[in-house]
Amino acid sequence: MKRFIWIIGLGLSAACSWAADNYTANYPNAVRQPVDLASKTLSGLLSGIAAVPVAGSASAPSGAPVPFSLSLRGVSANLSGAPALLGNATVVNGQLSIPSTGANAQFTAPTWPEVIEQIKRYLQQGTAARRLQRESARSSPFDPVAGNPSSLMARMVANDFATAFSPFASNLSDGPVQVAQAGGLPAGAVRGPLPGLPGLGAQVGLLRDHGRSARSLTIPLSYTLRSDLDPRRQFSVSLPLTVADVDGARTQQGALGAAMRQPVTRDWALSGNAGFAIVCAADLGSAGKIGSLSLSSSVVWRGAGSDLVMGNLIGHYRTLGGTINGVDTGSGISNTVFRNGLLWSMPAPSWLGFGRSIEYSVVNTHYTGTELYLRNYTELGLSIGSNKRADSTRSYMQGGLSVLVSAKTTGLLASYGYWF
């Protein structure tokens, strides 16, 4: 399985080698023909613009402004630079406007590179920066904070849902679990103590949208405590860590989540989740902090040869104020999210080994609240695993593939998890 994950990762890397640029600028040169600047990072773009002469050259005859048309991860902006007199000194004026956010600012410094440095701070700090982050979540297919399946917010939603829906949804391998009822322990019930369940794994993913791409590697760490009287009653802590590549720009994500799972009836349980997560995307000039609260429900219908499980989540996810590496994080993005799914589990063919199950799933995610680039998407999954009874004292594994489909973004996710 490790070799399989490595091969998938290499394939995703190769598939993304043609990735587009995150930032571009267009300006007229001496003969008034367009010259393009392009970069995978914000710093790279601004360094290229800073190297363009705006005074004393054919690009700016007689002090005329040099205009730039910018694309900041899909958000259009206009920039111009021109020499000016301030008293007896010659300075450079810069003018930046972002029509979709209403931003319009002027910058003055002795040199053009110093103006560009002021613009960089403007794009990362203050009210204009927070508005730009909201606009990016609305217009960019791969904003690192929110608005798309590769974002920090989307990963939090998926992790909260998976905690309640997937790990112990099917007990097909060894039959129904005997658990404590209101009147006490029934005959055949499992008696404690039950050991905790550490979990780790790996997930690799590839998403594509209109010629752009994002690939990621996630290491999901978790630890679950189970009640001795009813092993379905659980408390779990999760710590998924993600490194992603957005068209050549690196981002890092980390989340800390806690969940309490409480059985309501023999085949129905509710889970409450609370989480906090951060993303650092210095290459993209962005960063974010998100807090969340969610409630999930999972119901199992048991059949003679298969189980059908329904999972439902409603949660609230919002960005939190502060700074990360000098970048404001209080963009004001706030969404109520619904994630609903069905899972069909049955015994796997004998050639896959004794005690294995195969599961088919369909999961839909829908966002309300702050306007986002992608509000709705669906994942179709196939996984194979060993016994994952809630009262099992043995380790188990689960691995599979899922395909993401939507009106805009498509993708593939391969995952493997081991609980011991």
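Quick note: residue numbers are just sequence positions, from 1.
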Y27 side chain reached by V66 side chain, heavy atoms, under 4.5 Å: yes
Modelled atom types, side-chain donor and acceptor of R73 and S140, under 3.5 Å: no
H316 side chain to S334 side chain, donor-acceptor N/O pair below 3.5 angstrom: yes
Parallel, tilted or perpendicular: ring planes of F68 versus W112, cut at 30 and 60 degrees: parallel
pair L313-T365: side-chain heavy atoms closer than 4.5 Å: no
Salt-bridge present (K40, D247; N to O < 4.0 Å): no
T218 versus T242, side-chain donor and acceptor atoms under 3.5 Å: yes
Basic-acidic side-chain contact under 4.0 Å: E117, K120: no
Side chain to side chain contact (heavy atoms under 4.5 Å, CB included) partner of Q133, chosen from V327, V145, T319: V327
Pairwise side-chain contact, N335 with L372, heavy-atom cut-off 4.5 Å (strictly under): yes
Heavy-atom pair with the smallest gap, counting every atom of R134 and S331: NH1-O, 2.5 Å
Q262 versus Q234, side-chain donor and acceptor atoms under 3.5 Å: no
Separation between OG of S69 and CG of L37, rounded to the nearest 0.5 Å: 11.5 Å
Residues N148, D143; criterion side-chain hydrogen bond (donor to acceptor under 3.5 Å, both in side chains); working and verdict: CA-CA 7 Å; N148 61 87; D143 181 81; 5.3 Å; no
Ionic contact status for E379 with R339, cut-off 4.0 Å: yes
Donor-acceptor pair between N312 and N340 side chains, under 3.5 angstrom: yes
Pair K408 + D209, salt bridge at N-O below 4.0 Å: no
